Amino acid sequence: MDQWLADARNALAQASGVAANRLELDNDEVATRPELARVAAHESGERTNAPLPCYLVGRTQNGASLDDLAEAVRRSTS
């Protein structure tokens with residue numbers, strides 16, 4: 001994880017009271033979330049929509065795997 005992202009993670013952990021290790025991103029997340037942003041921007045025609053599905057996936061990830069949630073986003077745009 002690059003330093004900028006580590007600093008952002010640490011600031012979010014401190015502000016939310018969530019342990020920083022719970023906010024670690026693994027290699028799959030680092031690859032999948034930007035891909036979801038790309039899908040959102042391309043399919044909607046609005047770059048400003050790019051982060052929104054990533055946010056929603058993060059909000060719902062407690063109940064499902066990242067792969068399942070990413071596939072749901074992809075299906076919703078087809």
Side-chain angles (χ1 to χ4, degrees):
M1 180 181 310
D2 71 23
Q3 191 59 51
W4 177 86
L5 191 53
D7 291 345
R9 178 212 52 217
N10 292 339
L12 289 167
Q14 184 175 14
S16 68
V18 172
N21 66 341
R22 288 197 50 219
L23 303 176
E24 290 286 335
L25 298 174
D26 64 29
N27 290 337
D28 288 339
E29 291 172 316
V30 170
T32 300
R33 291 184 194 273
E35 192 264 334
L36 292 175
R38 181 199 62 77
V39 167
H42 177 75
E43 295 295 326
S44 72
E46 296 290 336
R47 291 186 305 160
T48 56
N49 287 334
L52 299 176
C54 297
Y55 171 77
L56 293 173
V57 165
R59 296 279 311 230
T60 59
Q61 197 167 358
N62 286 338
S65 73
L66 178 59
D67 289 339
D68 290 343
L69 294 170
E71 185 56 33
V73 171
R74 291 183 197 104
R75 279 194 315 268
S76 75
T77 63
S78 352

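Side chains included, hydrogens not; waters and symmetry mates left out as well; all remaining heavy atoms used. All figures in this text were calculated on a predicted structure; none of them were measured in a lab.
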Inset, instruction - Carefully, step by step, assess Leu23 and Leu12 under the rule side-chain contact (heavy atoms from CB on, under 4.5 Å). - result: CA-CA 9 Å; Leu23 303 176; Leu12 289 167; 4.3 Å; yes

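Considering all non-hydrogen atoms of both residues, Cys54 and Arg33 come closest at SG-O, 3.1 Å. The nearest pair of heavy atoms linking Glu29 to Glu24 is OE1-O, 3.5 Å. When all heavy atoms of Thr32 and Ala70 are compared, the closest pair comes out as CG2-CB, 3.7 Å. Considering all non-hydrogen atoms of both residues, Val57 and Leu69 come closest at O-CD1, 3.9 Å. Summarising the geometry of Ala40 relative to Ala50, their closest heavy-atom pair is CB-CA, 4.0 Å, with the distance given to 0.1 Å. Of all heavy-atom pairs between Glu43 and Thr77, the closest is OE1-O, 3.3 Å.
Among residues at least two apart or in separate chains, salt bridge (Lys or Arg N to Asp or Glu O under 4.0 Å) pairs with a member in residues 59-76 are Glu35-Arg74, Glu71-Arg74.
Contacts of Ser76 classified as side-chain hydrogen bond (donor to acceptor under 3.5 Å, both in side chains), with partners at least two apart in sequence or in another chain: none. Residues meeting the side-chain hydrogen bond (donor to acceptor under 3.5 Å, both in side chains) test with Asn49, sequence neighbours left out: Ser44.
Annotation: the span from Leu52 atom CG to Glu46 atom CD amounts to 11.0 Å, rounded to 0.5 Å.
Asp7 and Gln3 are linked by a side-chain donor-acceptor pair at a separation below 3.5 angstrom, with hydrogens and angles left out of the test.
No single ILVMFWY cluster, assembled from side-chain heavy atoms under 4.5 Å apart, contains both Leu66 and Leu25.
Crowding of Asn27 atom CG: a count of heavy atoms from other residues, nucleotides or ligands under 6.0 Å not exceeding 12.
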